[in-house]
There are 2 protein chains.
Amino acid sequence: MIDRAAIVRTSLELADEKGLSAVTLTAVAQRLGVTPMSLYGHIENKAALLDHVVEALLAEFPLPDLELSWYERLAWIGRAARESARRHPGVFPLLLTRTAATPGSHRVRQAVFSALLDAGLSVAEVNRAERLLTTMIVGFAISEVSGRFGQSEEDIEADYVYLEKVLTMFITVAAQRPGDLGDELN
Amino acid sequence: MIDRAAIVRTSLELADEKGLSAVTLTAVAQRLGVTPMSLYGHIENKAALLDHVVEALLAEFPLPDLELSWYERLAWIGRAARESARRHPGVFPLLLTRTAATPGSHRVRQAVFSALLDAGLSVAEVNRAERLLTTMIVGFAISEVSGRFGQSEEDIEADYVYLEKVLTMFITVAAQRPGDLGDELN
DNA sequence: ACCTGAACACCGTTCAAGT
DNA sequence: ACCTGAACACCGTTCAAGT
C-alpha cells in the first residue's frame with residue numbers, strides 16, 4: 001500500500017506547506033493513513049528520509065534545452081534554481097549543507113559543466129568554476145527565499161540581475177584569458 | 001545564578017561540540033545544573049534562543065584594523081568568515097536563512113560597506129555589492145564547513161583563492177566603470 | 001525574584017507480535 | 001511481506017507551587 005516514493009513525496013509536500021520542522025515521522029505517517037512505525041519498513045530513519053527528500057527536489061529540477069546557447073542555458077538554470085527555492089523553501093536550503101556527491105546533484109552539475117565548456121572554459125577550470133557558480137546561485141536563492149535581506153520582490157530581482165552580470169563577466173574573462181583567474185587547477 | 005548570557009554561551013558550546021541538534025533546552029539546562037523550565041525565566045522560547053546564539057556568533061566576529069587597505073580588509077573579513085564557520089559549523093549556516101536586520105549583522109555589514117566605499121564604489125552601488133559579496137562568502141564558508149564538495153583542505157583553499165580573484169575583479173570593475181554592472185540602484 | 005514538580009502533547013526508534 | 005501495540009528515552013512548553 002505504502003512505498004518509499006509516496007513517503008518522500010508526502011514529506012516534501014509537508015515541508016512545502018508547513019516548513020521543514022513539520023516533517024515528522026508522525027505527521028508523514030498520519031497523512032498516509034498509517035502508523036509512524038510502519039515507515040521503517042521503507043526508510044532507514046529520519047535522516048535518510050531527508051536525504052531522499054532533497055534527492056526528490058533535485059530529480060524534478062528542470063534542465064534547459066541543449067540547443068540553447070551556453071549563456072541562455074546558464075541563465076535558465078539560475079532562474080530554475082530560484083523557482084525551485086520558492087517552491088520548496090523549507091528543503092532547498094539543505095542543498096548547501098549536504099554532499100553534492102549524489103545522483104541528483106550530479107545530473108544538474110553535468111548541465112552546468114556542458115554550458116561552461118561551451119563558453120570556452122578549459123576542462124581544468126570548469127570544475128572550479130562550476131563549484132563557484134552553483135554556490136553563488138544556491139546561496140542567493142536561499143537568501144531570497146529565507147527573507148534574509150527583507151527586501152521587496154523588485155529589489156531582489158534587481159540584485160539578481162546584478163549577480164547575473166557579475167557571473168557573466170567572470171565566465172567571459174575565464175574563457176578569454178585562460179589560467180588568469182586560477183592557474184594550478186585540479 | 002543563571003542568566004541569559006550563560007544560557008546562550010552554553011548553547012553555542014553545545015552546538016560546536018555536538019551539532020545544532022544537540023542544542024536542546026534539556027541539554028542546555030543540564031549543563032548549567034538547572035531544570036529545563038528555569039530557562040523560560042531568561043529566554044522566550046527555543047526559537048528566540050537560537051536567534052541569540054546567532055547573535056553571539058556575530059558579536060565575536062573579528063573586524064579588521066581600519067588602517068589596512070580596502071583590499072586587505074575584505075580579504076581579512078573573508079578569512080574571518082571561514083574561521084568563524086569552522087569554529088561554529090552547526091550555527092554558522094543559520095546566517096543564510098535568517099534576517100540580516102539584526103545588530104550583530106549590521107556591525108559586520110558596516111565593515112564591508114566602508115571597504116567597498118574605499119575601493120571606489122558609489123554609495124548607491126555599495127548596498128547591492130555588499131549583499132552579493134556576503135552571500136558569496138557565507139555560501140562558500142557554509143559549503144566548506146558542511147563538506148558539500150567532499151574535497152581536501154588544499155582543494156578547498158585553491159577554490160577560495162579562485163573566489164577571491166573573481167570577487168576582486170568584480171569590485172575593481174565596479175569601481176572603475178560606475179553603473180556598468182548595475183544601473184538603477186536603490 | 002528565581003527555580004521546580006507535575007503535567008501535556010508531542011518526538012524518533014526498537015521489537016515482538018499480529019495479519 | 002507489511003503493518004501495529006507497547007514501550008522507551010527523549011522533546012518543548014505551561015502553570016501552579018515552592019523558596
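Chain A is the first sequence line, chain B the second, and so forth, proteins listed ahead of strands; every chain is numbered from 1. What you see is a predicted model; the values in this text were computed from it and never measured. We use all heavy atoms of the structure for the numbers below, so side chains are in, but hydrogens, waters and symmetry mates are not.
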* **Under the salt bridge (Lys or Arg N to Asp or Glu O under 4.0 Å) test, residues paired with A/R73 that sit two or more places apart** =>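 With neighbours one apart ignored, the set is A/D118.
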* With sequence neighbours left out, what residues match A/E83 under salt bridge (Lys or Arg N to Asp or Glu O under 4.0 Å)? ->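 Checked A/E83 against salt bridge (Lys or Arg N to Asp or Glu O under 4.0 Å); zero matches.
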* To do: On DNA chain C, reading 5' to 3', which nucleotide is the first and which the last to sit with an atom under 4.0 Å from a heavy atom of chain A, could you check?
  =>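 Both ends considered, the range comes out as C/dC11 to C/dT14.
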* Check A/E125, A/R131, A/R128 against B/Y162 for a side-chain hydrogen bond (donor to acceptor under 3.5 Å, both in side chains) and give me the one that passes. =>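 Going through the options one by one, the only one that passes is A/E125.
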Pairs under 3.5 angstrom only: tabulate donor-acceptor contacts from the side chains of residues 12-20 of chain A to other protein residues two or more places apart or in another chain.
residue	atom	partner	partner atom	Å
A/D16	OD1	A/H88	ND1	2.9
A/D16	OD2	A/H88	ND1	2.9
A/E17	OE1	A/R31	NH1	3.2
A/E17	OE1	A/R31	NH2	2.9
A/E17	OE2	A/R31	NH1	3.2

* Asked: Going by an N to O cut-off under 4.0 Å, is there a salt bridge joining A/E55 and A/R98?
  ->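 Answer for the salt bridge query: no.
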* Asked: Could A/R9 and A/E60 be called an ion pair, given the rule that one side-chain N must be under 4.0 Å from one carboxylate O?
  ->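 Salt bridge flag = no for A/E60 with A/R9.
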[X]: partners by side-chain contact (heavy atoms from CB on, under 4.5 Å), with sequence neighbours left out:
X: A/T172; result: A/T168, A/Q176
X: A/S152; result: A/E154, A/D155
X: B/R107; result: B/F61, B/L63

* Taking side-chain hydrogen bond (donor to acceptor under 3.5 Å, both in side chains) as the test, write out the residues that go with B/R4, two or more places apart. =>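 side-chain hydrogen bond (donor to acceptor under 3.5 Å, both in side chains) list for B/R4, sorted by chain: B/E44, B/H52.
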* Where along residues 35-46 of chain B does a heavy atom come under 4.0 Å from DNA chain C, residue by residue in number order? ->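 Those residues are B/T35, B/M37, B/S38, B/H42.
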* **Contact list for DNA chain C against residues 3-26 of chain B - heavy-atom distance below 4.0 Å** =>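 Close to the strand, none.
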* ring pair (Phe, Tyr, Trp, His ring centres under 6.0 Å) with A/F140: which residues, sequence neighbours excluded? ->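 Checked A/F140 against ring pair (Phe, Tyr, Trp, His ring centres under 6.0 Å); matches are A/Y160.
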* Asked: In what stems does DNA chain C take part, counting only runs of at least 3 consecutive Watson-Crick or G-U pairs whose two distances fall under 3.5 Å?
  ->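 Stem segments, range with range: C:4-8 with D:12-16, C:12-16 with D:4-8.
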* May I have the step-by-step check of side chain to side chain contact (heavy atoms under 4.5 Å, CB included) for A/T134 and A/L95, ending in yes or no? => CA-CA 10 Å; A/T134 58; A/L95 285 176; over 6 Å; no
